[in-house]
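Only one structure is covered here, and it is reproduced in the block below.
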Amino acid sequence: MTTPRFRDALDSVPAYKAGKPPAAGEGRSYKLSSNENPYPPLPGVLVRAVAAAGQMNRYPDMGVSALHTALAKRLGVSINELASGTGSVAVLYHLLQAMCSEGDEVVYAWRSFEAYPIAVGITGARSVQVPLDGDARHDLPAMLAAVTDKTKVVVVCTPNNPTGPAVRRAELVEFVDSVPTDVLVVLDEAYREFVTDPDTVDGLELVRGRANVVVLRTFSKAYGLAGLRVGYAVGPAAVTEAIRKCALPFGVSEVAQEAAIASLDAEVELLQRVKELVAERDRVWASLTEQGWPIPGAEGNFVWFELGDATVDFAAGCDRAGLSVRPFPGEGARVTIGEPPANDRLLEVAGQWRAQQR
């Protein structure tokens, strides 16, 4: 019996594994596996979203006009330099579809965002994964050396998910200016709002005056709209036009668009929440370091435990304590910064684990 014939490229595409909720047990449990913002929606944002839901019998604004207008004003860019989608990951998918096909290559650091191999693979292009350096940072010289005449796109995730460090200003500027101008550099800044290292650069600075740099950002993390799925790209008009051509029509719902606009209006209050999360992140990082953990510099809303073969056991221990974390078997575990009680429990579990390993 014959069956439908799928593209050969799908044979090598890995499945995306979402962060799982914690196991049910006594007491409160915490999901620290998906880098979600632990705070509930602001009342004003929720009211705006609920009002938009009343129009669900209508298609959303396909051009995302009101949100693009608000973003253009906030970021100091032109509307035609913007493109949006259902999260920044969807924008990346559309971008790679616009850029890549069989025989092309996409260079990125590894370990990095687990969606990258999937997004590249479904285009038929080949992933060129460049190992992180000993500090869990991008090895930009090695990434530059990996660029060939087959390279169409280079992706830089800063801060890097799941390990945490952000790429520094001088090295990133030098890297971008060294990449051939016919290769597109994608700066994935999904966690940009959590960065406090003064030696980093706002990706929008690198977009200006360059035809081969585009920045990806999202409302999922700092703005707490993960469940509504809205992200965007800022870049040269030719690049954003290509993204829009590949985008799913009416992909960003009206609820998502209105909630995103309301979030921009409430940015001062939302960024105060980010400040509180950053303070918690720094507290957790410092405490883990005092326990003896070699935690890389954390610039997102998460910390990285390099555990190697012990990763699965560590994740299971967290699960028994009512904490779900994101294990990458054989490598390490990423743990989201949550509410203070969740973070306190993580420190307790991590401290006990560390003591047992000595």
Side-chain angles (χ1 to χ4, degrees), residues 9 13 81 83 85 88-133 135-163 165-192 200-218 231-236 238-240 242-243 246 299:
V13 173
E81 294 175 309
S88 57
V89 65
V91 179
L92 176 64
Y93 273 54
H94 302 325
L95 175 57
L96 293 178
Q97 289 170 342
M99 295 290 300
C100 300
S101 57
E102 302 283 345
D104 295 329
E105 294 179 348
V106 178
V107 175
Y108 54 88
W110 198 252
R111 159 130 343 236
S112 195
F113 184 30
E114 61 265 35
Y116 293 162
I118 305 171
V120 174
I122 60 176
T123 69
R126 185 175 77 90
S127 287
V128 178
Q129 298 179 344
V130 178
L132 298 170
D133 68 16
D135 295 320
R137 304 177 60 85
H138 280 57
D139 187 342
L140 293 181
M143 291 178 66
L144 184 61
V147 174
T148 71
D149 57 1
K150 294 182 179 180
T151 306
K152 285 291 191 69
V153 177
V154 177
V155 183
V156 177
C157 185
T158 180
N160 186 52
N161 172 21
T163 62
V167 179
R168 297 191 177 99
R169 173 185 296 271
E171 62 180 345
L172 186 55
V173 172
E174 180 180 1
F175 176 78
V176 167
D177 287 340
S178 299
V179 171
T181 55
D182 62 346
V183 174
L184 183 66
V185 179
V186 179
L187 303 179
D188 186 347
E189 293 189 331
Y191 300 91
R192 170 67 198 172
T200 58
V201 61
D202 183 330
L204 296 183
E205 294 179 32
L206 300 184
V207 170
R208 298 185 179 96
R210 293 178 175 87
N212 69 324
V213 180
V214 62
V215 169
L216 303 184
R217 292 186 178 174
T218 184
Y232 59 95
V234 186
V239 176
T240 55
I243 294 171
C246 293
E299 291 293 332

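Every residue two or more places apart in sequence or in another chain that forms a side-chain hydrogen bond (donor to acceptor under 3.5 Å, both in side chains) with T218 is listed here: S220. Partners of S101 according to the side-chain contact (heavy atoms from CB on, under 4.5 Å) rule, which considers only residues two or more places apart in sequence or in another chain, are D104. Residues passing the side-chain contact (heavy atoms from CB on, under 4.5 Å) test with A98, sequence neighbours excluded: A242, C246. R210 is linked by a side-chain hydrogen bond (donor to acceptor under 3.5 Å, both in side chains) to D177, counting only residues two or more places apart in sequence or in another chain. Applying the side-chain contact (heavy atoms from CB on, under 4.5 Å) test to A146 and every residue at least two apart in sequence or in another chain returns V107, V128, V130. Residues forming a side-chain hydrogen bond (donor to acceptor under 3.5 Å, both in side chains) with E171 (at least two apart in sequence, or on another chain): R137. Residues satisfying the salt bridge (charged side-chain N to carboxylate O under 4.0 Å, His left out) criterion with E174, sequence neighbours excluded, are absent altogether. Shown here are the side-chain hydrogen bond (donor to acceptor under 3.5 Å, both in side chains) partners of R126, two or more places apart in sequence or in another chain: E105. Annotation: side-chain contact (heavy atoms from CB on, under 4.5 Å) contacts of A166 (sequence neighbours excluded): T158, P159, T200, E299.
Here the side chains of L92 and F113 are not in contact, with every heavy-atom distance at 4.5 Å or above. The shortest distance between side-chain heavy atoms of P236 and E81 does not fall below 4.5 Å. When side chains are defined from C-beta on, V154 does not count as touching V106, because their heavy atoms never get closer than 4.5 Å. Considering only heavy atoms from C-beta on, V179 comes within 4.5 Å of L144 through its side chain. No side-chain heavy atom of Q129 sits less than 4.5 Å from a side-chain heavy atom of R111.
V91 approaches A233 most closely through the heavy-atom pair CG1-CB, 3.6 Å. Smallest separation of non-hydrogen atoms from N160 and A136: ND2-O, 4.5 Å. Nearest heavy atom pair, residue A211 against residue V239, reads O-CG2, 4.3 Å. Across every non-hydrogen atom of P180 and V147, the tightest pair is CD-CG1, 4.1 Å. Closest approach of V213 and V207 over heavy atoms only: O-CG2, 3.8 Å.
Put simply, NE2 on H138 and CZ on R168 are 13.0 Å apart, with the number rounded to the nearest 0.5 Å. Once rounded to the nearest 0.5 Å, the distance linking OH of Y232 with CD1 of I243 reads 13.0 Å. Rounded to the nearest 0.5 angstrom, L96 CG and I118 CD1 are separated by 12.0 Å. Atom CD1 of I122 is separated from atom SG of C100 by 10.5 Å, given to the nearest 0.5 angstrom. For the atom pair OG1 (T123) and CD (E102), the distance works out to 7.5 Å, reported to the nearest 0.5 Å. For the atom pair NE2 (H94) and OG1 (T240), the distance works out to 13.5 Å, reported to the nearest 0.5 Å.
Looking at S88, its side chain never comes within 3.5 Å of a backbone N or O of L216 through a donor-acceptor pair.
A donor-acceptor pair shorter than 3.5 Å can be found between the side chains of S127 and Y108.
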- [ ] Give the intermediate values and the outcome of side chain to side chain contact (heavy atoms under 4.5 Å, CB included) for residues V173 and L206.
- [x] CA-CA 7 Å; V173 172; L206 300 184; 3.7 Å; yes
Let me have the donor-acceptor pairs involving side chains of residues 181-191, under 3.5 Å, with sequence neighbours excluded, atom names and distances please.
from, atom 1, to, atom 2, distance (Å)
D188, OD1, A190, N, 3.3
D188, OD2, Y116, OH, 2.6
E189, OE1, R217, NE, 3.0
E189, OE1, R217, NH2, 2.8
E189, OE2, G203, N, 2.9
Y191, OH, N35, ND2, 2.8

